2 protein chains.
Amino acid sequence: MKHIPHKTIERLSQYRRALLLCLSKGKDHIFSHEIAKIQHITPVQVRRDLMLIGYTGTLRKGYKIQELIELIGEIIDSKEGQKVAIVGIGNLGRAIIKYFKNKRPKLAIVAAFDSDPKKIGKKFSGVTCYNISDMPKEIKNQNITIAIMTVPDDRTIEIADLLVKSGIKGILNFTPRPINVPDNVFLEEYDMTTSIEKVAFYVKDVQA
Amino acid sequence: MKHIPHKTIERLSQYRRALLLCLSKGKDHIFSHEIAKIQHITPVQVRRDLMLIGYTGTLRKGYKIQELIELIGEIIDSKEGQKVAIVGIGNLGRAIIKYFKNKRPKLAIVAAFDSDPKKIGKKFSGVTCYNISDMPKEIKNQNITIAIMTVPDDRTIEIADLLVKSGIKGILNFTPRPINVPDNVFLEEYDMTTSIEKVAFYVKDVQA
């Protein structure tokens with residue numbers, strides 16, 4: 001089970017999101033072609049991913065939604081849950097805290113960090129903001145394994161280094177500044193400019 | 001030049017970002033292996049992408065940064081520039097306006113939309129917020145081709161439909177609710193939960 005490709009993990013996360021939504025609407029079974037339609041991919045892709053995690057539905061009724069949600073949880077969540085910190089409490093940091101609050105029981109944002117004295121000691125959607133200089137101590141004490149970076153460009157590299165020194169295991173970097181981390185730290189980077197420029201390119205192409 | 005793969009377009013956008021940063025630091029030439037290192041990819045990938053857009057450097061000095069920035073601009077930007085609207089002025093919408101302001105001369109956020117009377121008529125980082133009900137009129141009058149959606153989950157589908165009816169050509173959907181658009185509208189979806197869960201999965205794997 002260890003070698004599930006990155007892209008499959010992303011899709012499993014997206015399937016679960018879609019399944020939770022269907023469940024909340026009172027649906028109990030779903031076909032691969034329905035999941036495929038929601039995710040804009042092919043039914044074959046859905047079936048391949050679910051076969052990879054050992055799940056097959058029935059021809060007549062499709063997949064059991066509740067069962068599939070639990071199975072995906074067993075694959076992608078950790079049993080004990082993981083703790084997440086947000087570094088940088090600007091608009092984006094606050095948006096993420098609000099958005100992610102109570103969304104996934106196994107992934108909790110437990111701390112925020114900033115260097116602005118006006119923010120330190122305050123709570124943002126229930127999450128306490130600490131001084132960035134206390135990051136090593138808090139990451140250790142609270143057993144935080146994942147950091148989401150939403151800091152200003154010019155502080156990105158310095159803060160990423162501090163996170164690594166503090167023993168963080170995974171970083172999601174939302175700044176436009178790419179960072180380097182040692183091999184034992186998992187890094188995911190997302191810059192919204194890339195997405196905006198991609199849309200703009202295809203729109204231009206359509207108009208031309 | 002029409003059939004550049006999606007992934008290449010994303011990388012060209014990222015190369016330009018890296019090149020602009022190097023240029024601002026006074027650098028004038030760069031080797032493929034340097035770009036590769038910043039982007040965490042292979043030098044072969046960089047050379048393949050740049051050959052695809054018809055650019056080759058010299059063995060001795062590498063690529064001319066200014067020239068390459070201009071060439072990437074010719075490929076991914078439109079000559080006249082494109083106008084972008086943000087729909088939903090919560091923390092995320094405001095973060096995007098601030099972040100993107102003056103970043104790319106050919107892509108300007110010219111309008112924001114929200115249904116909160118307290119926000120309508122106000123400016124956010126210089127961008128006027130209009131009532132969502134005025135979207136069709138403003139999109140047409142201001143010739144807006146791209147919309148970035150940062151609206152609450154439960155309004156996503158209705159607002160996407162209104163955007164399509166208003167003649168929008170591309171949508172970047174930052175909500176966790178996947179949408180459907182006609183074939184002539186380009187759609188890009190990004191849900192931060194997917195990225196957070198992906199990092200969490202690999203961190204769990206490292207710890208296990």
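The model shown is predicted, which means the values in this text are computed figures rather than measured ones. Residue numbering restarts at 1 for every chain, and letters A, B, ... go by the order of the sequence lines.
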Starting at [atom1] of [X], measure out to [atom2] of [Y] and round the result to the nearest 0.5 Å.
X        : Y        : atom1 : atom2 : answer
A/Lys198 : B/Phe186 : NZ    : CZ    : 5.0 Å
A/Glu197 : B/Leu107 : CD    : CG    : 6.0 Å
A/Ile196 : B/Ile146 : CD1   : CD1   : 8.5 Å

Applying a criterion of heavy atom separation less than 4.5 Å, what residues of [range] form contacts with chain A?
range                       : result
residues 170-182 of chain B : B/Gly170, B/Ile171, B/Leu172, B/Phe174, B/Pro176, B/Arg177, B/Pro178, B/Ile179, B/Asn180
residues 16-32 of chain B   : B/Arg16, B/Arg17, B/Leu21
residues 147-162 of chain B : B/Ile148, B/Asp153

Using non-hydrogen atoms only, which part of [X] is less than 4.5 Å away from chain A: side chain, backbone, both, or neither?
X        : answer
B/Lys106 : neither
B/Lys98  : side chain
B/Arg11  : neither
B/Lys7   : side chain
B/Ile76  : both

Report task. Decide side-chain contact (heavy atoms from CB on, under 4.5 Å) for A/Leu92 and B/Leu92; before the verdict, give the C-alpha distance in whole Å, the side-chain angles of both, and the deciding distance to 0.1 Å. Result -> CA-CA 5 Å; A/Leu92 182 56; B/Leu92 183 56; 3.5 Å; yes
Would you say [X] and [Y] make side-chain contact, with heavy atoms under 4.5 Å?
X        : Y        : answer
A/Asp191 : B/Gln14  : no
A/Tyr202 : B/His6   : yes
B/Val203 : A/Gln82  : yes
A/Ile75  : B/Phe201 : yes
B/Thr193 : A/Tyr99  : yes

Report summary line: Scored by heavy-atom pairs under 4.5 Å with chain B, the best of A/Gln39, A/Lys37, A/Lys103, A/Arg104 is A/Arg104
Query raised in the report: Can you tell which of A/Lys79, A/Met192, A/Arg94 has the highest number of heavy-atom pairs within less than 4.5 Å of chain B?
Result: A/Met192
Report summary line: In terms of heavy-atom pairs under 4.5 Å with chain A, the winner among B/Leu12, B/Ile96, B/Ile168 is B/Ile96
Report summary line: For A/Val199 and B/Glu188 the tightest heavy-atom approach is CG2-CB, 3.6 Å
Query raised in the report: Which region of A/His40, side chain (C-beta onward) or backbone (N, CA, C, O), has a non-hydrogen atom less than 4.5 Å from a non-hydrogen atom of chain B, or is it both or neither?
Result: side chain
Query raised in the report: With A/Phe100, which residues qualify under ring pair (Phe, Tyr, Trp, His ring centres under 6.0 Å), at least two apart?
Result: none
